[in-house]
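Values below: every heavy atom of this structure, side chains too, minus hydrogens, waters and symmetry copies.
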Amino acid sequence: MWAPDEPRYGHVAETVRSMEFGARGLVLLHLNGEPYTQKPPLYYWLAAAAGAPQGRVTEVAARLPSALAGLALVALVLRFGGRLLGGATATLGAALLLTTFDFAHHARRAQLDVVLALFETLALAAFWRADRGIGSRRAAQLGLHASLGLAVLTKGPVGFLVPVLVIASFLLWERRLRDLPRALPWWGLPLSLGPGLAWIAGAVALAPPGFFGDAVLDNVFGRFFAGTSHARPFYYYLYQFPLETLPWCVLFPVAAWAARRCIFVAEASEEERRAWRFLLAWVGATLVFFTLSSGKRGLYLLPMLPAANLLLADALGRWVQRARAIPRSFHATTGLLGAALAGAGVWVALRDPLGDPRASLVTGAAVVVIVGAALVAQLSLWRARARLRLRLAVPVAAVWATLLVVFTVVYPARDPDKSPRAIAEAAAQLTPPDRAIGLVGDAQMAGGLAYYGARRIALLRGADDVSRFFANGGRAVVVAEKKRERVDAAAPVSVHFRAREGRRAVLVLTPRRAEGG
């Protein structure tokens with residue numbers, strides 16, 4: 001698992017599974033022996049349950065909630081999109097979602113946001129059923145509020161606020177804002193807000209003083225209003241939104257064309273316009289909410305990817321249908337992208353940017369083969385006069401195959417640079433189970449070291465802390481190479497292990513007296 005988030009989440013989940021802190025540890029989560037204030041517990045409960053049969057939250061168990069949520073979300077887009085825009089559009093929209101890099105990347109990581117996206121999408125799909133009178137209204141409202149409650153337990157108030165803002169924006173656009181209380185009846189609030197409030201009340205009751213300020217005031221309100229974490233400029237999503245929708249952001253002009261020429265015109269059906277208004281409100285309200293937030297990250301946009309991909313799929317289908325042939329501009333765009341991808345493959349094979357010649361060669365060669373196979377497939381389908389929608393499947397399949405190469409070849413080659421596993425295991429070899437590993441100057445590494453080292457982590461701020469750590473029997477200190485002087489100022493040390501984590505070198509240092517005997 002890659003630092004810093006994945007192994008930290010794995011460690012928190014393992015603490016839950018092991019019942020290290022008893023039943024109270026199910027409510028008050030812990031990181032490195034201290035109360036964990038950053039996230040609600042649902043993801044960690046799911047990962048702990050996945051790891052229970054094996055007796056440990058392994059990498060697979062930690063990632064399983066994201067993976068299953070990703071599969072469920074693709075299936076939900078296929079079903080809900082079919083009700084909104086028809087089966088063909090839903091199929092293409094689900095395929096575009098599956099091959100959107102950011103979604104595929106996070107759906108195979110220990111990451112909360114794909115689970116959050118699933119629950120938010122379930123809530124909005126339930127709202128649509130209730131609003132359009134599909135099936136039992138009461139059942140749809142119960143599903144809406146239950147999904148909101150699970151979203152809150154996954155990532156806090158944002159799981160409630162963003163879907164409600166989407167619903168309010170849609171009703172406002174429809175000039176039906178007065179229907180908001182009917183869409184969100186008061187009797188459902190205990191279901192949507194109650195679980196989150198019950199958890200935070202229980203955690204505050206069990207935690208030492210200051211937990212509420214850290215978990216709620218600083219972590220929720222501080223991030224939104226003061227940017228205490230991941231502060232970004234106001235215009236951040238102007239360039240980040242296209243990056244989060246790669247590679248299908250190239251279809252944005254097609255969506256604009258379809259909206260102007262096919263949807264918001266007099267001859268379009270009201271149901272088509274209403275579906276587009278709902279999806280556009282979904283995308284727009286999410287973007288506005290996080291643009292107004294001082295803390296911003298690209299992955300915060302994951303819950304709106306289902307709507308964005310359904311819009312792009314419907315627009316692309318209409319574009320092809322109106323043209324009665326795949327337009328030359330589409331061939332030109334995909335051709336340029338294919339040439340760029342093939343060129344990138346040749347560059348990777350020759351320049352070895354992965355630091356692993358075999359992996360770079362396999363990756364580069366596979367990408368060139370994928371581009372060549374896509375070209376042959378398109379030419380064969382053109383000669384056979386195949387249906388246009390079948391021909392549109394070729395670039396989607398090519399992207400899927402490319403992602404498969406990235407995940408099975410490129411990512412394993414990056415593990416030594418991205419994962420703290422080797423560093424943690426080297427430090428653990430020097431440290432008895434009842435002793436702590438010292439960590440100087442980078443508290444974010446604590447979760448990864450604790451997960452892979454199975455030791456407590458002692459956070460050391462300066463030379464005095466390091467001196468006391470060694471005097472009390474500490475055997476190993478982890479420190480970024482550029483901060484080594486903090487350890488050298490405390491005691492003579494030797495380098496036991498050196499590795500890279502991202503762009504920096506990290507050392508495992510041991511006092512010379514310990515190394516000698």
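Looking only at distances, no side-chain donor or acceptor of T245 sits under 3.5 Å from a matching main-chain atom of W248. Y44 contributes no side-chain N or O that, together with a main-chain N or O of R17, makes up a donor-acceptor pair within less than 3.5 Å. Judged by distance alone, the side chain of R261 and the main-chain N or O of W319 form no donor-acceptor pair under 3.5 Å. In this structure, S192 contributes its side chain and L189 its backbone to a donor-acceptor pair below 3.5 Å. A donor-acceptor pair is defined here as one N or O able to donate and one able to accept, closer than 3.5 Å; such a pair exists between the side chain of E14 and the backbone of V57. Proximity of a side-chain donor or acceptor of W282 to a complementary backbone N or O of P303 within less than 3.5 Å is detected. A donor-acceptor pair is defined here as one N or O able to donate and one able to accept, closer than 3.5 Å; such a pair exists between the side chain of W45 and the backbone of L26.
Checked against side chain to side chain contact (heavy atoms under 4.5 Å, CB included), L337 has the following partners two or more places apart in sequence or in another chain: V250, T333. Contacts of R137 classified as salt bridge (charged side-chain N to carboxylate O under 4.0 Å, His left out), with partners at least two apart in sequence or in another chain: none. Not counting sequence neighbours, F160 has no partner by the ring-ring contact (aromatic ring centres under 6.0 Å, His included) test.
Aromatic ring pairs are classed by plane angle as parallel below 30°, tilted from 30° to 60° and perpendicular above 60°; the pair Y300 and F290 is tilted.
With D5 as the partner, the salt bridge (Lys or Arg N to Asp or Glu O under 4.0 Å) test is satisfied by one option alone out of K39, K418, R297: R297. Of the candidates V74, L78, V396, L98 forms a side chain to side chain contact (heavy atoms under 4.5 Å, CB included) with just one, namely V74.
At least one test fails for R8 against the ring of Y451: distance under 6.0 Å to the centre or angle within 45° of the axis.
Between the CG atom in L96 and the CG atom in L305 there is a gap of 11.0 Å [rounded to 0.5 Å]. For the atom pair OG1 of T291 and NZ of K296, the computed distance is 6.5 Å after rounding to the nearest 0.5 Å. Note that CD of E120 is 10.0 Å distant from CG of L302, once rounded to the nearest 0.5 Å. S419 contributes atom OG, which lies 9.5 Å from atom CH2 of W2 (distance to the nearest 0.5 angstrom).
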Practice item. Please report the C-alpha distance between E272 and R318 in whole Å, then the side-chain angles of each, then the deciding distance to 0.1 Å, and finally whether the salt bridge (charged side-chain N to carboxylate O under 4.0 Å, His left out) criterion is met. Key: CA-CA 12 Å; E272 291 176 338; R318 292 174 185 276; 3.2 Å; yes
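Under a 4.0 Å N-O distance rule, the pair R63/E59 does not qualify as a salt bridge.
Q141 and A130 get closest at one heavy-atom pair: CG-CB, 4.4 Å.
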